[in-house]
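Computed over heavy atoms, backbone and side chain alike; hydrogens, waters and symmetry mates excluded.
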Amino acid sequence: MTAPAARPARDACVDRRKCLQGLLVLPGALAFHEHAQAGRQLEEPLADSVRGALSSAIANSAPPVPTFATTEARLSYLRWLSAMSDRLYSRKKDFNTRIEFLQTVWYETRRAGLDTSLVLGLIQVESAFRKFAVSSVGARGYMQVMPFWTRVIGDGDPGKLFHMQTNLRFGCVILRHYLDRERGDLFMALGRYNGSRGKSPYPNAVFGAQKRWTFAG
């Protein structure tokens, strides 16, 4: 007479195990469904020399540790970091996470020869500073990089686009590439980055968001 009672107990155990498994995967599942409203970067043929240069720019990794020629330059950076940290607080509450992100953006934008405030504005528009944001067309991470770029100039692993520095490096290198292609025309380069070349809504949104991250000190 005890057998019928044992079956529900086993079933309950299986159900609990399934629930626990669901809880283990839930954080990642939620993170990977932070949808973003980004456009689609277009995969275009690249000359071998261009592909080689971009691949080299991605592969040449270095820790984002700022170096300064003068004390005043270092103090200016620290003032910028403090001001940006205050402005970013509502998006990233954890101090260490916030500082690491800002330091990496600062490093990668200078490495690519880009305006840091512009890239922060772009990140605000593209992902609202969400590390695991995914758009409806599959663009990933802070700078909403399309996965095909990892095949074209990376090692083919799109999962790495959710790594902070990797995503920022890809995004900055790609924007620099588009800016070079457009001969310095930032309006057109931003449109190309978003897959809406020649149309004003996206560049204007980035320029508008950039104002929040401009630092005059």
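- Contact of the T109 side chain with the L168 side chain is not registered, since no non-hydrogen atoms from C-beta on lie closer than 4.5 Å.
- At most 12 non-hydrogen atoms from other residues, nucleotides or ligands lie less than 6.0 angstrom from CD of E100.
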List the steps, then state whether side chain to side chain contact (heavy atoms under 4.5 Å, CB included) holds for W106 with L120. CA-CA 9 Å; W106 188 91; L120 285 169; over 6 Å; no
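- Proximity of M188 to R183: side-chain heavy atoms (C-beta onward) are nowhere separated by under 4.5 Å.
- Contact annotation: the side chain of F170 approaches that of T150 to within less than 4.5 Å [non-hydrogen atoms, C-beta and beyond].
- Using a 4.5 Å heavy-atom threshold, the side chains of W213 and T116 count as separate.
- Closest heavy-atom contact between G138 and P147: O-CD, 3.3 Å.
- In this structure, I123 CD1 and L88 CG are separated by 9.5 Å, a value rounded to the nearest 0.5 Å.
- Ion pairing between a basic and an acidic side chain is recognised when a charged N comes within 4.0 Å of a carboxylate O; D94 and R98 show no such pairing.
- Other residues, nucleotides and ligands contribute only 12 or fewer heavy atoms inside 6.0 Å of the NZ atom of K160.
- Among residues two or more places apart in sequence or in another chain, the ring-ring contact (aromatic ring centres under 6.0 Å, His included) test is passed with F101 by F129, Y142.
- In terms of heavy-atom proximity, P203 sits nearest to G191 at CG-N, 4.1 Å.
- From E108, atom CD reaches atom OG1 of T166 across 9.0 Å, with rounding to the nearest 0.5 Å.
- Annotation for K93: atom NZ counts as buried by contact number, over 12 foreign heavy atoms lying within 6.0 Å.
- For the atom pair CG of L102 and OG of S85, the computed distance is 6.5 Å after rounding to the nearest 0.5 Å.
- For R212 (side chain) and R87 (main-chain N/O), a donor-acceptor pair under 3.5 Å exists by modelled atom type.
- Distance check: I153 CD1 to F148 CZ gives 9.0 Å after rounding to the nearest 0.5 Å.
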side-chain hydrogen bond (donor to acceptor under 3.5 Å, both in side chains) for S117 and Q210? Distances and angles first, verdict last. CA-CA 5 Å; S117 66; Q210 180 183 8; 3.0 Å; yes
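- Expressed to the nearest 0.5 Å, how far CG of D185 lies from CZ of R197 amounts to 8.5 Å.
- R91 approaches A128 most closely through the heavy-atom pair NH1-CB, 3.5 Å.
- Between L118 and L186 there is a side-chain heavy-atom pair separated by less than 4.5 Å.
- Scanning all heavy atoms of the two residues, the minimum distance from S135 to Q144 falls at CB-OE1, 3.2 Å.
- Contact detail for S127 and R130: the closest heavy-atom pair is O-NE, 2.8 Å.
- Atom CZ of residue F162 and atom CG of residue D157 lie 11.0 Å apart, to the nearest 0.5 angstrom.
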For residues 68-84, please give each side-chain donor-acceptor pair under 3.5 Å, one per line with the distance, not counting sequence neighbours.
unit_1, atom_1, unit_2, atom_2, d
T70, OG1, A73, N, 3.0
E72, OE2, R79, NH2, 2.8

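- Nearest heavy-atom pair across L175 and A189 is CD1-O, 4.4 Å.
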List the steps, then state whether side chain to side chain contact (heavy atoms under 4.5 Å, CB included) holds for M143 with E126. CA-CA 6 Å; M143 294 188 72; E126 288 282 353; 5.9 Å; no
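- For Y89, the ring-ring contact (aromatic ring centres under 6.0 Å, His included) test picks out no residue, with sequence neighbours left out.
- Note on ring orientation: taking the six-membered ring where Trp is involved, the planes of W149 and H177 are perpendicular (angle over 60°, cut-offs 30° and 60°).
- A side-chain donor-acceptor contact under 3.5 Å links N167 to the backbone of R140.
- Between C172 and R111 there is no side-chain heavy-atom pair separated by less than 4.5 Å.
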